[in-house]
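Being a predicted model, the structure only gives us computed values, none of them experimental.
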Amino acid sequence: MAQRFTVIAGGLLAAEPAAAAPAERHWRIDLRTADSIDAAAVAAWRALLTRTGAAGAAFSDPDYLLPAAKHQSGGRALVFALAWSRRGNAPESLRAVLPLALGHPLWRGGRVTPWSPPGLSLTPAHLVEAGCAAEIGAALDARLRLDGRRLAFDLGESAGLPAPCLHFALLPGRAERSLRRAVPSGSLVGVRPTDFRPEEVETISEPARIRDAVESFLALDARTAGRPIVADPSEAAMVRVVTRLFARRRAVRVDLARRSGEIVAGSLRLGAGRRAALWRSAPAVAVRKGGEGR
């Protein structure tokens, strides 16, 4: 006798509800000077750096950019545009921090351009969360037009650029090859005076010792540099403030090389671990293919 089977459809509903569309994202652009950025905004700034993969990058950190805006503005009016967004009743989240230079409304037509500290190749995209550039650009332009200003750059054009780094002077190269044969380093013979003493390098990272170490570095720089840091009071103030702020987080290191008790070379490094970067050196050095130096 043939058996009959009954197929029962399970897990199907007569009418499944359509997926709810995501709530519209609302933007708020907050224009602030460096002095008006509070601790809550700094914490949100560092959270943004964590999401963008730039956590610990010294030259994107507020402890670097805020003092730079205070002391290295060059007389320009600077603001930081903080782009906040939220969906529905969710809390706001910081999606971008844009350092901006405000042009005078009379002879610059109210043009607003990106600002970067001297010697730093910072572009707007370095402090913008991925996928938000177009929306932030539109919201920022609308906010600026309320004050009679206009955005003079396209925020989306700088998306995907590498992380900011310092500019360095390239050493002049030679087009032709020299006919002289190089002597292997192991075969070099040097003649030293009887009282010669090798350099002793001291590394200072303890917060309590950073201030004195920085002053020793500045004194060395004043003796050896063609354009000493202390010759520009604004630059000297920035060096002192930045190193003090980074020292609070144990994220600065001062290296001092001594010979016969006298300091003959030094360097300042910002950041910690693999993110540490050379910021200043004395005597000033240049590198052949980019990298680190003053």
Side-chain angles (χ1 to χ4, degrees), residues 27-85 94-105 108 110-130 132-145 147 149-167 234-235 237-239 241-242 245-246 270-271 277 279:
W27 291 95
R28 179 174 66 88
I29 304 298
D30 192 8
L31 301 179
R32 297 195 189 183
T33 61
D35 289 326
S36 65
I37 293 183
D38 54 16
V42 168
W45 185 333
R46 293 206 172 104
L48 169 66
L49 294 178
T50 299
R51 295 196 303 273
T52 59
F59 302 124
S60 297
D61 193 87
D63 281 350
Y64 181 83
L65 289 178
L66 294 180
K70 294 177 184 178
H71 300 288
Q72 297 279 280
S73 65
R76 306 180 69 182
L78 304 180
V79 297
F80 287 82
L82 308 182
W84 303 87
S85 75
L94 185 64
R95 304 294 180 180
V97 178
L98 301 174
L100 302 174
L102 304 180
H104 195 282
R108 291 181 180 266
R111 288 165 49 89
V112 177
T113 57
W115 176 80
S116 181
L120 187 66
S121 60
L122 182 69
T123 65
H126 294 144
L127 296 170
V128 176
E129 190 166 333
C132 298
E135 293 180 79
I136 293 174
L140 176 59
D141 185 61
R143 171 64 180 83
L144 293 173
R145 290 183 182 277
D147 298 332
R149 303 181 183 275
R150 59 188 179 89
L151 203 60
F153 64 96
D154 185 355
L155 186 60
E157 289 182 354
S158 58
L161 293 180
C165 61
L166 293 177
H167 290 301
S234 63
E235 184 178 3
M238 177 185 171
V239 169
V241 172
V242 168
L245 293 175
F246 274 77
L270 300 179
W279 184 34

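When side chains are defined from C-beta on, Pro118 counts as touching Gln72, because their heavy atoms get closer than 4.5 Å. Annotation: side chain of Arg95 is in contact with side chain of Trp27 (closest heavy-atom distance under 4.5 Å). Proximity of Leu78 to Pro99: side-chain heavy atoms (C-beta onward) are nowhere separated by under 4.5 Å. Between Thr113 and Arg76 there is a side-chain heavy-atom pair separated by less than 4.5 Å. At a threshold of 4.5 Å between non-hydrogen side-chain atoms, the residues Leu245 and Pro67 count as touching. Contact annotation: the side chain of Leu31 approaches that of Leu144 to within less than 4.5 Å [non-hydrogen atoms, C-beta and beyond]. Taking the side chain as every heavy atom from C-beta outward, Trp84 and Leu94 approach each other to under 4.5 Å.
For the pair Ala58 and Gly271, the tightest heavy-atom approach, listed with the atom from each and the gap, is CB-N, 4.1 Å. Smallest separation of non-hydrogen atoms from Pro62 and Val42: CG-CG1, 3.8 Å. What you find for Phe80 and Ala69 is that their closest heavy atoms are CE1-CB, 3.7 Å. Trp45 and Asp61 get closest at one heavy-atom pair: CZ2-C, 4.5 Å. Pairing each heavy atom of Leu100 with each of Ala81, the nearest pair is CD1-CB, 3.8 Å. Here the shortest heavy-atom pairing between Ala277 and Phe59 reads CB-CE1, 3.9 Å.
Using a 30° and 60° split on the angle between ring planes, Tyr64 and Trp279 fall in the perpendicular class, above 60°.
The pair Asp30-Arg32 meets the salt-bridge criterion, since a charged nitrogen lies less than 4.0 angstrom from a carboxylate oxygen. No salt bridge links Arg150 with Asp141; every basic N to acidic carboxylate O contact stays at or beyond 4.0 Å.
Here the side chain of Asp147 pairs no donor or acceptor atom with the backbone of Arg149 at under 3.5 angstrom.
Checked against Leu140 for a side chain to side chain contact (heavy atoms under 4.5 Å, CB included), the options Leu151, Val112, Leu155 give a single hit: Leu151. With Ser60 as the fixed residue, the side chain to side chain contact (heavy atoms under 4.5 Å, CB included) test singles out one of Leu120, Thr52, Leu127, Val97: Leu127.
Here Lys70 contributes atom NZ and Asp35 contributes atom CG; the two are 4.5 Å apart, rounded to the nearest 0.5 Å.
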